[in-house]
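Everything numeric here is computed off the predicted structure, so don't read it as measured data. In what follows, chains are A, B, ... by sequence order, proteins preceding strands, each numbered from 1.
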Number of protein chains: 2
Amino acid sequence: MKYSEYKKLLKDHTLRITDCRINVLEKFYNTTHALSFKNLEDALSDYDRVTLYRTLSSFIEKGLLHRIPSDDGYASYGLCREDCTEGGHHHDHVHFKCNVCGHIECLPAYHVPKVELPGYEVNEQNLIVSGVCKICRKSFNGE
Amino acid sequence: MKYSEYKKLLKDHTLRITDCRINVLEKFYNTTHALSFKNLEDALSDYDRVTLYRTLSSFIEKGLLHRIPSDDGYASYGLCREDCTEGGHHHDHVHFKCNVCGHIECLPAYHVPKVELPGYEVNEQNLIVSGVCKICRKSFNGE
DNA sequence: GAATTAATGCAACCAAATTGCATCATGACT
DNA sequence: AGTCATGATGCAATTTGGTTGCATTAATTC
Ligand SMILES: [Mn+2]
Ligand SMILES: [Mn+2]
Ligand SMILES: [Zn+2]
Ligand SMILES: [Zn+2]
């Protein structure tokens, strides 16, 4: 993806164009899995931790990223490829956590099946599946 | 539930019978929803934070409680009513988080639907549904 | 009841995340 | 381009949630 495209992406989400934000965006677009804060910090160590935290917050607020909670307490962040805006996020895809490589993936092709809970009002559903991812499985079997 | 029953419960899970543990158990059995650490700390302020943390850990390890991750990063803890032991937990029920009262409930009557992910090896599934719980809905409509 | 072993409380510690504030950069408007 | 208002950044300080070490106390076993 080209620099100007990242710029447009930021502009479209009413975010000022800065070095840090471009780099964070780039990192997300060049990674197939979701990123934890630690991942980001390691990859972009020339920016202050605080700045990275604030970048994540603003991206989430503006609908560029979504937070993916994990059972171990450490959240990851994934790109919103859907129509998320400042108004709110609209995700219903499955998240997968690999117990081998530790990566968390968004699976936009798989939607969370709607459960009916009589008496309750259901607003959102969040499904995290864990196991072994495609890549780790391959390197385990065939090599 | 009677004191002697809590004692038996602890004994059956190879845990020493102590004041703190009885009180924690009692608290869980007298609450319909899951409890966060904060909840516990507030309810049982005469015990040290460290002791409460360790009580939770040992209860989880011995299959008395299970940890329920939440999207906000703060876990809750729910009673294991199933056959969980030191060997491991076996849960496949849905968890519900009410956005009004903030409570998290275990819904043992509702099982997490199995999703098929070709190429992946699925070990565990974790579904958190959020919305408005039965109680909050009632007090909103009827009241 | 004495010995053994585990649980508790307190203080110290630690990592993750947040806040305040001065400085610097961006974008809007001449 | 130059000015200005506003937002972003970096650093230090602080807060928060949780853990560790260790001496004391309590529960089990015999
Ligand atoms: Mn996702
Ligand atoms: Mn549960
Ligand atoms: Zn993997
Ligand atoms: Zn409620």
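The terminal axes of the helix from C:dG1-D:dC30 to C:dT30-D:dA1, fitted over 5 pairs per end, subtend an angle of 40° to the nearest 10°.
Checked for salt-bridge contact, A:D72 and A:K97 meet the test: a charged N lies under 4.0 Å from a carboxylate O.
Side-chain atoms of B:Y47 and B:D19 form a donor-acceptor pair, as typed in the model, at a separation below 3.5 Å.
Residues B:F28 and B:Y77 meet the side-chain proximity criterion, which asks for heavy atoms closer than 4.5 Å. When side chains are defined from C-beta on, A:H66 counts as touching A:H93, because their heavy atoms get closer than 4.5 Å. Residues A:R137 and A:V100 are not in side-chain contact: their nearest non-hydrogen atoms beyond the backbone lie 4.5 Å or more apart. Between B:I104 and B:S70, some side-chain heavy-atom pair lies under the 4.5 Å cut-off.
Interface residues of residues 40-58 of chain A facing DNA chain C, ordered by number: A:R49, A:V50, A:Y53, A:R54; criterion, heavy-atom separation under 4.0 Å. Sorted by residue number, the members of residues 1-20 of chain B with any non-hydrogen atom under 4.0 Å from DNA chain D read B:R16, B:I17.
Under the rule for a side-chain contact (heavy atoms from CB on, under 4.5 Å), the partners of B:T14 that lie at least two apart in sequence or sit in another chain are B:K62, B:E86. The ring pair (Phe, Tyr, Trp, His ring centres under 6.0 Å) test applied to A:Y74 returns no partner, not counting sequence neighbours.
Place B:Y74 and A:R21 on DNA chain D by their nearest nucleotides, and A:R21 ends up nearer the 5' end.
Taking the six-membered ring where the residue is Trp, the centroids of A:H91 and A:H111 are separated by 6.0 Å or more.
In this structure, B:F37 and B:Y53 have parallel ring planes: the angle between them is below the 30° cut-off, well short of the 60° mark.
For DNA chain D, the contact window with chain B, defined by any atom under 4.0 Å from a protein heavy atom, covers D:dG17 to D:dT28 in 5' to 3' order.
In this structure a side-chain-to-backbone donor-acceptor pair under 3.5 Å is missing from A:S45 to A:E41. At least one donor-acceptor pair under 3.5 Å links the side chain of A:Q125 to the backbone N or O of A:P113.
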